[in-house]
Engineer: 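Here's a structure for you.
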Amino acid sequence: MRTRMRGWRWRRNPLRRRSDVVEAWTVLVVAVLLSVVAPLVGVAAGLHAQDRAAAVAAAQRAARHQVRATVSGDPPVVRVERGRLPRAEVRWTEPGKGTRTTWARVPAGTRAGETVSVWVDSRGHAVAAPAAGRAVVRHAVAVGACAAACAAGVVFLGHTVARRIALRHRLAEWERAWARTGPRWTQPRA
């Protein structure tokens, strides 16, 4: 049966080496970094990403508008791309600019003459709908989680490096101690 001693690296004893104390301090620093700093990095990155995404969404809402367009052609010319909505030529009328046409994504099964909603930019090109509030929040949460995970990964990597260095120093200290003690134990006794 093995007895586990908690905090033995902090207590004074003849078996404790300097590398043991350094390793104990690095474990404490890693615990603080993982419990405080990594979540703060995630929150800061998430808030920054939310601000940036909200600004982009506001700019998109200002530059894009939705129109009701009619699918043109008889039958409609629809190009189907793998995994996406089909594209069709649509036509709509803008006050003061006349009739405009463009290629836009339409729901599958749309026929010629049906009316669909299309988002267009100021030049009349079909574009994606502006980002909604939920998409901005999802983006911010994803960025925050990734930033926190990356910070935790850096902390764990630093801890691994510190442990390897401490192990190397510990082995060197044991080697020096054995070099002093070993000859006394290995001498032939008379």
Engineer: Return the set of residues passing salt bridge (Lys or Arg N to Asp or Glu O under 4.0 Å) with Arg61 (not counting sequence neighbours), or none when no residue passes.
Structural biologist: none
Engineer: Let me have the donor-acceptor pairs involving side chains of residues 63-70, under 3.5 Å, with sequence neighbours excluded, atom names and distances please.
Structural biologist:
unit_1: Arg64; atom_1: NH1; unit_2: Ala128; atom_2: O; d: 2.6
unit_1: Arg68; atom_1: NH1; unit_2: Ser117; atom_2: OG; d: 2.5

Engineer: Compare all side-chain heavy atoms of Arg105 with those of Val118 and state whether any distance is below 4.5 angstrom.
Structural biologist: no
Engineer: Evaluate the side-chain proximity of Leu167 to Arg164: yes if any heavy-atom separation is below 4.5 Å, no if none is.
Structural biologist: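 A side-chain contact under 4.5 Å is absent here.
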Engineer: Suppose we screen for side chain to side chain contact (heavy atoms under 4.5 Å, CB included). Which residues come up paired with Ser122, at least two apart in sequence or across chains?
Structural biologist: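 For Ser122, no residue satisfies side chain to side chain contact (heavy atoms under 4.5 Å, CB included) once neighbours in sequence are set aside.
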Engineer: Please write out which residues are connected to Val41 in a hydrophobic cluster, directly or through intermediates, given that two of Ile, Leu, Val, Met, Phe, Trp, Tyr count as joined at side-chain heavy-atom separations below 4.5 angstrom.
Structural biologist: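 Direct or chained contacts put Val41 with Val29, Val30, Leu33, Leu34, Val37, Val155, Phe156.
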Engineer: Connecting only ILVMFWY residues whose side-chain heavy atoms lie within less than 4.5 Å of each other, what is the rest of Trp119's hydrophobic cluster?
Structural biologist: Val127
Engineer: Could you work out, with salt bridge (Lys or Arg N to Asp or Glu O under 4.0 Å) as the rule, every residue matching Arg180, not counting sequence neighbours?
Structural biologist: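 None.
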Engineer: Under 3.5 Å, which donor-acceptor pairs link side chains of residues 49-56 to any protein atom two or more places apart or in another chain?
Structural biologist:
none

Engineer: In the hydrophobic clustering (ILVMFWY, side-chain contacts below 4.5 Å, transitive), which residues join Val161, or is it alone?
Structural biologist: Ile165
Engineer: Could you give all pairs that pass the salt bridge (Lys or Arg N to Asp or Glu O under 4.0 Å) test and reach residues 118-138, with sequence neighbours left out?
Structural biologist: Asp121-Arg123
Engineer: Do the non-hydrogen side-chain atoms of Val71 and Arg111 ever get within less than 4.5 Å of each other?
Structural biologist: no
Engineer: Name all residues meeting the salt bridge (Lys or Arg N to Asp or Glu O under 4.0 Å) criterion together with Arg163; count only those two or more places apart in sequence or in a different chain, and write none if there are none.
Structural biologist: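 Glu23.
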Engineer: Quick one: hydrophobic cluster around Val143, which other residues, with the 4.5 Å side-chain cut-off, linked directly or via members?
Structural biologist: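 Val143 clusters with nothing; isolated.
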Engineer: To check you understand the geometry: which heavy-atom pair defines the closest contact between Val136 and Ala57, and what is its length?
Structural biologist: CG2-CB, 4.2 Å
Engineer: In chain order, what residues pass the side chain to side chain contact (heavy atoms under 4.5 Å, CB included) check against Ser35, with sequence neighbours excluded?
Structural biologist: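 Ser35 satisfies side chain to side chain contact (heavy atoms under 4.5 Å, CB included) with no other residue.
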Engineer: With a 3.5 Å distance limit and no angle check, can you tell me whether Ser72 reaches the backbone of Glu89 through a side-chain donor-acceptor pair?
Structural biologist: yes
